[in-house]
Every structure is written in C-alpha cells, then in structure tokens.
Amino acid sequence: MKNTIYKISFILLFCIFLTSNVKAQYQPRNISSAEINKANEWVDKTYLSLSQDEKLGQLFIVALYTNKDEAHINNVRKIVNDEKIGGLILMQDDAEREINLVNEFQQKSKIPLMIGMDAEWGVFQRIAAAHKFPWAMTLGAIQDKTLITEMAAKIAEDCKRMGINWDFAPVVDVNTNPNNPIIGNRSFGSEVLNVVNSAMAYSKGLQDHNILAAIKHFPGHGDTDKDSHLDLPVVSHSLKRLTEIELAPFKALMDKGIGGVMVAHLYVPALEKSKGIPASVSKEVITGILKEQYGYKGLIITDALNMGAVANKFKAGELDAMAFKAGNDIMLFSQDVATGKKLIQQAIDQKEIPQERVEESVKKILLTKYYLGLNQYEPRNPKNINEDLNNASHAAIVQKMYANALTLIKDDKKLLPLNCNQTYYYVPLEEAPYQTFLEQLNLNTTIIIKKSSEISTIPANSTVIVGFHKDNSTAYKPYKISAESKKIIAELTKNQKVVLNVFGSAYALQDVDISKISTVLVSYENNDDSMIATAKAFCGQTKIWGKLPVLVSDQLKAGMGLELNPSSRINLPFKTIIE
C-alpha cells in the first residue's frame, strides 16, 4: 500500500512537472498571468479529451494546392477527416478557393488546424494575385530595421486575411556562398549580425500581430551548392566555423520568443556522426543541440518532407517516424500520415519513444494554437480577397522598402541626384523589362533612350544611365551579367560619364569592372516598385543610404554604401500599420 501511494505521488508530481515545463516559445504581446493560466487550463483539458490517434494527428501538416485537380482536394479532405491532422500548408494559387476550403476544414476539425504558408516575401510567394514584398537580401541592405518590422506587420495583415496563422519565415541562413542555388535572395546577407537584426525585426512584425514566425533552415543552409529540393547538400565546415557563422543566428535568436524553428535537410558531419543522416532526422542535431544545448522551447518543424534530399532516400511514413524520434514536434508536408502515425505508435509500444514525447509536442502545439486565437476560430470571407492582398497600401510600403535599400557603391563625379535641366541618355541592358524606370525618370527630366546598337550616336561627354535589368520573376534566377553587356559598358566609359544601376542581385557586380564607372547604384530587384523607388531617388526625392548586405568581391565588401541626402526631400506615401 505504501509503495502504491509512493507510485501515485510520483506520477502526480511527474505530471505537474511535465505540465509546468511545457511552454510555447511564443506568447502574445502584453499577455497577463491570468490569461496564461487560462491557456494552460485549455491545453490540459483539450489534451485529455483527445484519443491517442487524435494526439498523433496533431503532429502532421499536409499540403493543400488549389492548382491541382479535384482528386487532390478530396485526398486532403480525407486526410483532414480521417487522420485528424494538426494543420495545412497552403500552396499555389487561388486565394478565394483556399479560404473556402480552410473554412470547411476548420469547421469539421475537432481541434482547429494550424494554417501555414511560405510567405517570406508575402503571400505572393504562393498567391500570384497578391502584392510582392522585397526579398530578404533587399531588406538586409536597409539600415533602419524598424522598417522591416513595419513591412512584416503588413504581411501579417495579409496572412490574417487569408486565415493563415504561421508564416514559415524568416530565413536566417547566412549566405556566404554566392553560388547557393536555393537560398541567395532569401537570405538577409553574409554577415551574422545583420542577419540576426533583420530576422528579429521581421519576426517581431509578424508575432506582434499574432502571426507565428519560424526561423529557418537550422543548422544553416547558407553555404551550400545543392538545392535540397533535389538532393542532400553537405555542409562540411568545422564545428568552430559552424558555431561562428551557420549556427550563430539561431543561437542568438533562440531566447527571443520566436515561435518556431524549421530544420533543414542537410548533412553536417561535424554535428552528426552517422554518415548521410540529414539534420532534419538527426537526434544529435535536434534534441542534442537545438533542445538540450540551446534550450529551445518553441515548435520544431521539419522542412518539407517531399523534398528530394530526404524523399529520395527514405520511405514516406518511415521518414515521419524518424523525424519525430529525432525531436521534431511537427512533420511538414507529410506524404503518408497514416503510416507515420502507425510507426510512431509502434515505436512508443516498443519503448523506443516515450509517451511523454507525444505529450510534450502536442501540448506545445495546442498552447501555440490557443495563443494564436485558434480556440475561437472565425471563418474568413473570401469576397474581394485579391483586391485586399494587392492595393495601394501594399505599393506604398513596398516602395518605401526599396527606397531605403538602395545602395550607392560610388559616385566619383557626383552625378546623383540628376539635374532636372539636363538631358540624359538611357541604355537598358540584360533581359528584363525596364519601361517603368524610363517612364518615371521622364517625369522629372529629359531622357533619351538608346539601344545597345546605338551607343555610338550618343554625343561625347554625355551622362549615360545604364540599367542592368535582370529577370526577377523568381528568387532563383541567375544574376550573372552577359559578356555583351560588360563589353557595352566598357565601351561607354571611354567617352561618357556613366551611371550604372543594377536592378538585380549585388552579386551581379562580381565580375563587372566598375573602376572606370563614375556612379554605381544597386536596386537589388527588377519590378515596378523597385523601379519607381529608384527613379525617385535618382531625382533627389528620397535619401540613399543602404549598405551592401553581402560580400561581393575583395573590392565590394559587406557594409559598403555611400549616403546621399537629396537637396529637397519628398517623403514617399506610407500607411503606418504598427499598433
């Protein structure tokens, strides 16, 4: 009897200990202790109401595409109904249809679904009708990081409009490899401190407005030469280097209240002894470093489990069980939820995974859902959704971001800002549209356009604006400048004063000789908003003060950038949305 009492007392104490230590990394701003207690009560009550099968279902997020056929939609519908999954990741591309389906699925779910999206540059990343926000590399050039917070708040507004609770952003990979095929523009830059400050500002903008953030891709995808969507990249640096660069942003941000960490499909030999085991299924990386060494308490989620780096190596379902054993809370983009649940339960029955691991993860998921307001889900109205995601308020804030990112590398002959009484020549080069830039410049001064074949007709000693207009239709387009363009600009510098503007990655300047070019400015992207912002800065309407976020070459180092204050400052229109 005495032993029985001791056993019961131990179990009760263990349960109290476990409950008190199950915390969500994220908490709403200014939450009271009474509300925290109320949240924990809801979590405990809800957890007890779930069957084991329902508890395991909370560990999975599957993908919902609206550009696939009805069979796909019905399959997702079946998974939601039968497997009681924890959430969905919204993919391409019909916002109205997605809202209607999410409303349907939420209504049928016993536990509200967590709705996620890769919205690093806004919901445009998946919804083509929405407005595009700048890539992280562009934001990394901005010196006033509070602007990034304001922009992320606008993204949060769009997410809420869509019924999205979790933006799988920001990327905190330090992009030290210019040839990285998958990170590149998605990184804030090559310097750890800039990445940390930019990512913290972005996360704050989301989470202050009740949209969960997720820093990714742990333990660091910045120096890879393979795309993990296709194959398994290897990061072979020493532990010292990893600690100083790749791991540093994650470690710096771990205790800052950011609600999620996404783990990458990378093989990192210095962190994982077993050859070829990706970080996303490595207990040494996730449990050993992320949870135990760094003490991270938030939600840990895999990168998408359909990616070639893991999907080509492990069977669906088995992969999910491996990921959970390693320490992940959520398996993203699961390809076989039913098998994954079955294998996790088998591992529990065989004492390979303690039941307490399920309790830990599910309670973290439930607590986060409560804090995000999902215990009181309200259906979204799909009416006018495309207009709500793309209007003048978006253009204003996006142009403000581009204006503040503009980076003046050199201006030897003081050619900026332009003189309204002077005539300039404009030579657009490379493959992308340029018309908006030309139209905006013509509003304030006289611009004569010349094709590359006509440069010999430009009078000697003229000021010639050359635009490198790179295709920015996706974040992964090549940034290299053609040999023909380099030849043309070299020819122009012989007899002309040249202003070179790069509407593309700063890496484009890697093998461009700028020694004889008077003025070089980087706009980072080629779209209407960036061209409008650049033209206004050219005409002295806004200050130029961005800094290079990446090491481009021995001559062009991260942090370079001149400050140019216009003689007459005209502020861009901007709707403040910070509460």
Side-chain angles (χ1 to χ4, degrees), residues 141 405-442 444-470 479-526 530-531 533-542 544 546 548 552-556 560-564 566:
L406 295 174
T407 303
L408 186 60
I409 303 298
K410 57 187 298 193
D411 190 22
D412 297 345
K413 296 179 180 177
K414 309 298 180 188
L415 300 180
L416 291 180
L418 302 181
N419 184 339
C420 293
N421 298 317
Q422 187 174 333
T423 296
Y424 296 88
Y425 293 86
Y426 177 57
V427 180
L429 299 176
E430 296 297 296
E431 72 277 13
Y434 61 86
Q435 287 79 8
T436 298
F437 184 56
L438 177 62
E439 291 166 4
Q440 290 295 314
L441 286 178
N442 265 321
N444 295 282
T445 190
T446 302
I447 305 292
I448 300 173
I449 188 169
K450 291 287 185 179
K451 296 177 183 177
S452 56
S453 59
E454 300 172 330
I455 61 171
S456 61
T457 66
I458 301 173
N461 206 35
S462 298
T463 300
V464 181
I465 301 166
V466 177
F468 283 165
H469 292 271
K470 297 301 296 178
Y479 55 76
K480 292 285 187 181
I481 301 301
S482 67
E484 180 64 21
S485 291
K486 286 184 279 189
K487 181 180 177 182
I488 290 166
I489 201 163
E491 188 65 29
L492 283 168
T493 58
K494 294 177 181 178
N495 300 304
Q496 315 293 358
K497 293 172 287 187
V498 175
V499 177
L500 172 62
N501 200 96
V502 181
F503 289 98
S505 171
Y507 286 133
L509 292 171
Q510 267 187 328
D511 58 356
V512 176
D513 180 7
I514 62 171
S515 61
K516 296 178 182 178
I517 302 174
S518 164
T519 304
V520 179
L521 188 133
V522 181
S523 296
Y524 298 98
E525 301 182 43
N526 192 81
S530 69
M531 287 189 272
T534 303
K536 288 183 176 180
F538 265 52
C539 296
Q541 296 176 16
T542 55
I544 299 173
L548 278 181
V552 175
S553 65
D554 291 341
Q555 289 73 42
L556 300 177
M560 282 183 64
L562 304 174
E563 186 169 324
L564 183 65

Donor-acceptor contact present, side-chain Q496 to main-chain V464, <3.5 Å: no
Atom pair CD1 (I544) and CG (L562), whose distance is rounded to the nearest 0.5 Å: 9.5 Å
Smallest separation among heavy atoms of L406 and A533, with atom names: CD1-O, 4.0 Å
Side-chain donor/acceptor of N526 to backbone N/O of P433, under 3.5 Å: yes
Side-chain donor-acceptor contact under 3.5 Å, S530 with S523: no
Minimum-distance pair of heavy atoms, taken over all atoms of Y425 and P459: OH-CD, 3.3 Å
E439 CD to Y434 OH distance, which is reported to the nearest 0.5 Å: 10.0 Å
Over all atoms of both residues, closest heavy-atom pair of P417 and A537: CB-O, 4.4 Å
Check: K450/T457 side-chain N/O donor and acceptor closer than 3.5 Å: yes
Straight-line distance of N442 CG to I447 CD1, nearest 0.5 Å: 5.5 Å
Backbone of T445 reached by a side-chain donor or acceptor of Q422 within 3.5 Å: no
N501 vs V466 side-chain heavy atoms within contact, under 4.5 Å: no
Whether K470 side chain and Y524 backbone form a donor-acceptor pair below 3.5 Å: no
Residue from V499, L416, D411 passing side chain to side chain contact (heavy atoms under 4.5 Å, CB included) with L521: L416
Donor on one side chain, acceptor on other, E430 and S482, under 3.5 Å: yes
Considering all heavy atoms, the nearest G540-P566 contact: O-CB, 2.8 Å
Output field: ring centroids F503/F437 closer than 6.0 Å: yes
What donor-acceptor contacts under 3.5 angstrom involve side-chain atoms of residues 509-516, with partners at least two apart or in another chain?
{"from": "Q510", "atom 1": "OE1", "to": "Y479", "atom 2": "OH", "distance (Å)": "3.4"}
{"from": "D511", "atom 1": "OD2", "to": "K486", "atom 2": "NZ", "distance (Å)": "3.2"}
{"from": "D513", "atom 1": "OD1", "to": "S515", "atom 2": "N", "distance (Å)": "3.0"}
{"from": "D513", "atom 1": "OD1", "to": "S515", "atom 2": "OG", "distance (Å)": "2.7"}

For K494, all residues meeting salt bridge (Lys or Arg N to Asp or Glu O under 4.0 Å), sequence neighbours excluded: E491
CA sep, side-chain torsions, deciding dist, call: F538, I465, side-chain contact (heavy atoms from CB on, under 4.5 Å): CA-CA 10 Å; F538 265 52; I465 301 166; 3.9 Å; yes
Minimum side-chain heavy-atom gap L418-Y424 below 4.5 Å: yes
CD-NZ distance between Q440 and K536, expressed to the nearest 0.5 angstrom: 7.0 Å
Residue pair A405 / A141: nearest heavy atoms and the distance that separates them: O-CB, 3.5 Å
side-chain contact (heavy atoms from CB on, under 4.5 Å) between K413 and T519, worked out: CA-CA 7 Å; K413 296 179 180 177; T519 304; 5.7 Å; no
Minimal non-hydrogen separation, M560 against T407, with atom names: O-CG2, 3.6 Å
From I455 atom CD1 to I489 atom CD1, the distance as rounded to the nearest 0.5 Å: 10.0 Å
Distance (rounded to the nearest 0.5 Å) between Q555 CD and S553 OG: 4.5 Å
From CA spacing to verdict: side-chain contact (heavy atoms from CB on, under 4.5 Å), I488, S452: CA-CA 7 Å; I488 290 166; S452 56; 3.2 Å; yes
Salt bridge (Lys or Arg N to Asp or Glu O under 4.0 Å) partners for K410, two or more places apart: D412
